[in-house]
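Note that ligands are numbered from 1 as they come in the structure, with each ligand's atoms numbered from 1 the same way. The shown structure was predicted, so the numbers you read here are calculated from the model rather than taken from an experiment.
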Amino acid sequence: MTNRDRHPLTSFHWGTYRVEARDDEVVALHPFEEDPDPSPIGQGYVGVLNGPDRITAPMVRKSWLEGGPGTAGELRGRDDFVEVGWDEAERLVAAELRRVIDAHGNESIFAGSYGWASAGRFHHAQGHLKRFLNLLGGFTKSVNTYSLAAGEVILPHVLGGAEFIYGATSWQSIINDCDLMVAFGGLPLKNAVVGQGGVGAHRTGPALLEAKAAGVEFINISPLRSDMPEALEADWLAPRPSTDAALMIGLAYVLLSEDLADRAFLDRYTVGFEKFASYLTGETDGVAKTADWAADICELSAETICNLARRMAAGRTMISVAWALTRQDHGEQPFWLGTVLAAMLGQIGLPGGGIGFGYGATNTVGLERASPRFQALPQGHNKVKTFIPVARITDLLENPGGSFDYNGKTHTYPDTRLVWWAGGNPFHHHQDLNRLRRAWARPETVIVNDWCWNALAQHADIVLPCTTPLERNDINLSPRDPYLVMMDQAVAPAGQARDDYDIFRGIAQHLGIEEAYTEGRDAGEWIRWLYDASRRSAAQTGVELPPFDELRAKGWHKLAAPQAPHVMLEDFRADPEAHKLRTPSGKIEIFSERIAGFGYGDCSGHPVWMEPAEWLGHARKGQLHLISNQPKNKLHSQLDRGRFSQADRIAGYEPALLHSADAAARGIRHHGIIRVFNCRGACLCAAVLSEDIRRGVIQISTGAWADIKENTGLCQQGNPNVLCLDKGTSRLGQGPIAHSCLVDIEPEGSEYIPQ
Ligand SMILES: Nc1nc2c(c(=O)[nH]1)N[C@H]1C(S)=C(S)[C@@H](COP(=O)(O)OP(=O)(O)OC[C@H]3O[C@@H](n4cnc5c(=O)[nH]c(N)nc54)[C@H](O)[C@@H]3O)O[C@H]1N2
Ligand SMILES: Nc1nc2c(c(=O)[nH]1)N[C@H]1C(S)=C(S)[C@@H](COP(=O)(O)OP(=O)(O)OC[C@H]3O[C@@H](n4cnc5c(=O)[nH]c(N)nc54)[C@H](O)[C@@H]3O)O[C@H]1N2
Ligand SMILES: [Mo]
């Protein structure tokens, strides 16, 4: 064992590291020796734990403290904070919970609290928040994710479950048997560094190189060339953003008209193809969805579309549809259409072929691994039935008593009095932040657990400072990763920061529910309890885990990979009667009677092309399509102020990538400061000129900490969510549509007026 191997291990969503600390300061994070392709993102922790953005004591917003709940909500984000002791903070929170529950009921507490928090099985912020509030009678929750809400809602209708997202055919199967990988939204390695719950060893980068070496060819369909690693020598097709549905329909038309569709597969394994075929040929609406029709919409040539369809039919083809394509208007359609295309090719359930949802979106998709069931912290029971689709947060706050549609039913927004967020950052993740900010003024109380002064903490009334994974013991026990890692505390907590568990325990004491909340265990005892229970349940599925003390001594354990490469829907293909899908027909639903029965104009019985709310097809002169994709140098907004993320800033500004010709037309120079704006807001960025982005598109990564304090609607920091549209994908999925957004740009300080 070298000196380095003696440093304690810890896991983050972006990798596992050995942490070198001196005098309670983290000085370096060394890659885990098992990781062939480590990520540098972890370096962002060096220097921030005791830095200027750390929250070191419980804080209460001044007006709220002086005037009580409901005072001057419009000052949130601009008010001063007053430091209080833990005891006072606990008493204030306990009393406010009592008041709100007694006067307005539990449904007036919104604790949907979406977000990625940190890796670690026990110290999962949302898990504790929910367990705690359930003991008090519950709260209004949120359903689905920002990642792919529309996908999570459509797939059960089409394939009978959302588990296919993480149940993709393995990389090894692609390496062995695939000829062509067609990736709508690319295979961005920048995203594959991340895996929710923690990553032991990075697999996607090496797997792609193995596939290339084995002769797999790649097609990158994306506005960005960089969405496919250069080494894959992919063909790059750059359709207009938010038009992949039209492109897929054009491809389907070519397969149908050139008799390339596998009729035997469609007959045996799917329902409703004939109805979709009538739409393709124009029998239903008088418009044939030919390659020329698609070419007009997505601005690829008809020849390109025909050739792609023929190439897909010529060998074993894996279609990948990025999660990003669900985060656009009508985001249900690309997952549905990708499935229809794969069904027409007749390759679903064959090694190396068919469809995968979001290869490259995380390290998890395609990873060879066993999936034992691990024990989670018991959450108790939420008696409250009200919920929101996760991205309807602003609607909830604006519209108490209002109704919304979701997946076939109509529901009502409760009257929210108290918002509690732990482990997520809506001032990062939500669209149209200026609108969110106005709605955010309405609740009487906002409580936030976080460790740093990001825009969310600044917009709270009561701020409860928590620890980071480096300041506590935990265990990385993710069913989506083969590595189990003991996460050992590396440094003492900064200031008065506490584990979320202890934050809730303290408040529970004031409410007389401490024993019910802790069940008499401290954090260490809970971690052992979680592990022992996981070990027992893994053993039931034939997976042997080492005893806790053995794991602790070694630091990590790797689960054996399954022997045969996993092929999604292999069973169904082998015997569709014995392995019926959980759809109403038991088959793949190209036409869904159930969805048709909902009567939604924006999601009908079979997949179709619909114009997005914002796209280049109806842009005003000068407008560009904004792609606000995931940042390569961090996870969402986490560690934005860290040195790794800040190193990519240009004179302090967030980079915005645009085509050199688009820049020249507007008098914008490389690294010039630009104002990016639309009717919803504006932000400042530094222009980066390139030929590797489609013309008419501008790209700004998400993640910059919103700085919208001054009520001007302008974010100095370059957070694209001041620009993005806040609207549901459809009445079915109600997912976020961040990627369907038009903007104008101008050199900062110019008088340029858009026409
Ligand atoms: N425009 C645009 N917007 C997007 C997207 C996009 O593509 N474009 N993508 C969307 C997607 S896919 C997602 S998943 C969301 C992500 O949105 P979020 O998951 O909300 O973003 P994070 O920055 O990861 O927020 C996690 C927060 O938890 C805090 N935290 C970390 N560890 C702990 C802990 O132990 N305890 C507590 N209490 N807090 C902790 C962090 O400091 C941070 O504030 O963003 C969405 N927003
Ligand atoms: N480094 C890093 N990795 C991450 C994350 C992170 O914050 N940082 N976040 C993680 C999370 S929570 C998630 S959900 C996943 C998300 O994974 P994805 O959803 O795949 O992420 P994005 O980066 O938004 O989008 C991928 C690419 O799709 C392309 N794209 C956007 N719109 C269109 C379109 O209309 N058509 C086509 N053809 N292409 C389009 C964009 O160029 C973009 O780069 O990433 C995960 N991985
Ligand atoms: Mo996500």
Which atoms from ligand 2 have a heavy atom of Ile627 less than 4.0 Å away? 31 (C), 32 (N), 41 (C)
Heavy-atom pairs closer than 4.0 Å: do any link ligand 1 to the side chain of Thr468, the backbone, both, or neither? neither
Is the closest heavy atom of Gln699 to ligand 2 under 4.0 Å? no
Sub-4.0 Å atoms of ligand 2 with respect to non-hydrogen atoms of Leu325: 33 (C), 34 (C), 36 (N), 37 (C), 39 (N), 40 (C)
Which bit of Trp323 gets closer than 4.0 Å to ligand 1, counting heavy atoms only: side chain, backbone, both or neither? neither
If I apply the N/O under 3.5 Å rule, does His636 come out as touching ligand 2? yes
Short N or O distance, Ser628 and ligand 1, threshold 3.5 Å exclusive: yes
Would you say ligand 1 has an N or O under 3.5 Å from any N or O of Asn629? no
Applying salt bridge (Lys or Arg N to Asp or Glu O under 4.0 Å), can you list everything that pairs with Asp432, at least two apart in sequence or on another chain? none
Which ligand 2 atoms are under 4.0 Å away from a heavy-atom of Gln328? 34 (C), 35 (O)
Hey, which atoms in ligand 2 end up nearer than 4.0 Å to a heavy atom of Ser242? 34 (C), 35 (O)
For atom 47 (N) of ligand 1, the option (of His429, Gln638, Lys634) bearing the nearest heavy atom: His429
Side chains of Ser701 and Gln699, donor plus acceptor under 3.5 Å: yes
Could you list the atoms of ligand 2 found under 4.0 angstrom from a heavy atom of Asp227? 27 (C), 28 (O), 29 (C), 41 (C), 42 (O), 43 (C), 44 (O)
Taking only Lys NZ, Arg NE, NH1 and NH2, and the carboxylate oxygens of Asp or Glu, determine whether Asp474 and Arg121 approach each other closer than 4.0 Å. no
Show which atoms of ligand 2 fall inside a sub-4.0 Å distance from at least one heavy-atom site of Leu635. 5 (C), 6 (C), 7 (O), 8 (N), 9 (N)
Near Ser147 (heavy-atom distance under 4.0 Å), the atoms of ligand 1 are 12 (S), 14 (S)
Less than 6.0 angstrom separating the ring centers of Tyr45 and Phe644, yes or no? no
Below 4.0 Å from any atom of ligand 2, is there a heavy atom belonging to Trp116? yes
Which atoms of ligand 1 have any heavy atom of Asn425 under 4.0 Å away? 20 (O), 25 (O), 44 (O)
For ligand 2, is there an N or O atom under 3.5 Å from any N or O atom of Val193? no
Looking at the rings of His625 and Trp615, which for Trp means the six-membered one, are their centres under 6.0 Å apart? no
Could you tell me whether some N/O pair between Ser118 and ligand 1 is separated by less than 3.5 angstrom? yes
Would you say ligand 1 has an N or O under 3.5 Å from any N or O of Thr702? no
Can you see whether Trp86 has Arg498 sitting over its ring - NZ or CZ less than 6.0 Å from the centre and within 45° of the normal? yes
List ligand 2 atoms under 4.0 Å from His739, heavy atoms only on the residue side. 24 (O)
Note: heavy atom closest to atom 35 (O) of ligand 1, options His124, His123, Arg472, belongs to Arg472
Winner among Tyr146, Trp705, Phe427, Phe12 once heavy atoms are compared against atom 13 (C) of ligand 1: Tyr146
Taking only heavy atoms of Asp244 into account, list the atoms of ligand 2 that are under 4.0 Å away from them. 34 (C), 35 (O), 36 (N), 37 (C), 38 (N)
